[in-house]
2 protein chains.
Amino acid sequence: MRANRKKALRNQLIRDDILDAALHLYTRDGYFNTSIHDIQREAGVSIGSIYNNFGGKEAVAKALYGQLVGHMENVVDAIASKHATAHNRCRAVVEVLFDMTERETETVGFILNAKHKEFLPDEPPICSSQPFVKLRDMIQAGIDAGQMRPMDPWVAAACTFGPALRMIQLRLDGMIAAPLPDYLDELWLHSWRTVGVDPVPEDLR
Amino acid sequence: MRANRKKALRNQLIRDDILDAALHLYTRDGYFNTSIHDIQREAGVSIGSIYNNFGGKEAVAKALYGQLVGHMENVVDAIASKHATAHNRCRAVVEVLFDMTERETETVGFILNAKHKEFLPDEPPICSSQPFVKLRDMIQAGIDAGQMRPMDPWVAAACTFGPALRMIQLRLDGMIAAPLPDYLDELWLHSWRTVGVDPVPEDLR
DNA sequence: GTTCTTGATATGAACATTCATTATAAACTA
DNA sequence: TAGTTTATAATGAATGTTCATATCAAGAAC
């Protein structure tokens, strides 16, 4: 029993090593420029281990994708349960995304920037994955509650998160030198003016 | 002389056929899922022609990239010389991008969505290419002229074009069913409220 | 306690395939 | 004639995948 747990732990470590290496190489070089051999070298495991644990090149990407989407979903859920109003929720989403862009750059890059359709053709597009659906629900709820202007939900979503996502992309591309959180207040003040009924509260400007 | 021109013309036709095929396949399947043989078949030319005219796989992508960036630059230049105020210029940019997304879907997809860094590692990032630089200059001029709120230029650019770019991405991903121009007025009304000093003129709402 | 057996996993050289590129000769064009 | 296109085949490097073997932990037999 104890032995099994130990074994399972070691197993988990190897899986994590592989996924860590894959994330690193995918975000640096792209999926197609990353060979199984590269991952094997970077992770310090054998090729066989990758096939034993995942099954193949695409399966590694799929597992990584699932893990990170799950992570994003947890983040969104945490925000939704912590904040009540549409304004506070949406602002928290942008705040967390900006923080994550600095702290977990590779995660954000892989989730927001990678073209999954090209290497995971069977996965639904990222926009229809759980965390993104929940973001849209968040906005729809805000409109229904009269906290956001009545407008097409897609337009509302694009106006609410579009500017922030653009900033993230520019930051990931090395165009913006300063950490994103530095821009949070200014950006959000303007973003919310677009969609919000009430202005941004004084203490968040 | 006349003969040379005819020859050059035929030559140009072949080159265009190759680039058209490449654009089509790149946007549908991605660069790495598109082989030279795929392009050759789709274009109805021989492999030799591709190597004679371009030199190799990456060179095709590079030529295509250059052509489309040049096209975008012309579009931006035309807008800049046709309109005078920051508002009219920026709105025209969004309008043209929305139209192009419907009419030249593949061009827009390749320019805005493709990860060029992965297959053209020597090219500078798209954000620092001429047309994008000119867009930022456009915004900076608007701020200097007092037509746009004084704010960080990156934030201004993200607020001005971020929502529109997000809409384009959603449309390209098949999330939005209606043609983008249907959303133009509503989106721009909200976008401009974010960054403009004066409101959107009556006749453009 | 020592040795043997077992099951699960790790290893990495070998294999098979893909695919960019080169080569070649015949047909075509100016 | 000289240059280009075409059609086809050949080449070889890159790389995804397989599999026989090695490793090792945990009991079983003695």
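Lettering of chains follows the sequences in order, A, B, ..., and the numbering in each one begins at 1. No experiment lies behind these values; they were computed from the predicted model shown.
At distances below 3.5 Å, at least one donor-acceptor pair connects side-chain atoms of B/E186 with backbone N or O atoms of A/D152.
Here D/dT4 presents its C1' atom at 15 Å from CZ of B/F54, a figure rounded to the nearest Å. The nearest whole Å value for the distance from the OH atom in B/Y51 to the C1' atom in D/dA7 is 16 Å. For the pair A/I47 CD1 and D/dG16 P, the computed distance is 9 Å after rounding to whole Å. Straight-line distance from the NZ atom of B/K57 to the C1' atom of C/dC19: 8 Å, rounded to whole Å. At whole-Å resolution of the value, CD1 in B/I36 and P in C/dA20 are 6 Å apart. Atom CD of A/Q40 and atom C1' of D/dT15 are 12 Å apart (whole Å). The CZ atom of A/R41 sits 11 Å away from the P atom of D/dG16 (whole-angstrom rounding). We find that NE2 of A/H37 is positioned 13 Å from P of D/dT18, with the value rounded to whole Å.
Using a 4.5 Å cut-off on side-chain heavy atoms (C-beta onward), B/M148 and B/T160 make contact.
Side chain of B/N52, nearest nucleotide from C/dT11, C/dA20, D/dT4: D/dT4.
Between A/Y26 and A/F119, the ring-plane angle classifies as tilted under the 30° and 60° cut-offs.
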Quick one: side chains of residues 58-76 of chain A, donor-acceptor pairs under 3.5 Å with protein atoms, not counting sequence neighbours, listed by atom name and distance.
residue, atom, partner, partner atom, Å
A/E73, OE2, A/K134, NZ, 2.9

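Proximity of B/S49 to the phosphate of D/dT6: a side-chain N or O atom is located under 4.0 Å from OP1 or OP2. Between A/S46 and C/dA10 there is no side-chain polar atom (N or O) within less than 4.0 angstrom of OP1 or OP2. When the side-chain nitrogen and oxygen atoms of B/N53 are compared with OP1 and OP2 of D/dT5, one or more of them lie within a distance under 4.0 Å.
Position along DNA chain D of the nearest nucleotide to A/G55 versus A/D38 favours A/D38 as the more 5'-ward residue.
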Q: Could you walk me through whether B/R91 and B/L184 pass the side-chain contact (heavy atoms from CB on, under 4.5 Å) test, one step at a time?
A: CA-CA 9 Å; B/R91 187 187 193 279; B/L184 177 62; 3.9 Å; yes
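A cation-pi arrangement is absent between A/K115 and A/Y31, since the terminal nitrogen or guanidinium carbon is not both under 6.0 Å from the aromatic centre and inside a 45° cone about the axis.
Side-chain contact, A/S49 with A/N52: no donor N or O sits under 3.5 Å from an acceptor N or O.
A heavy atom closer than 4.0 Å to some atom of DNA chain C occurs in no member of residues 23-34 of chain A.
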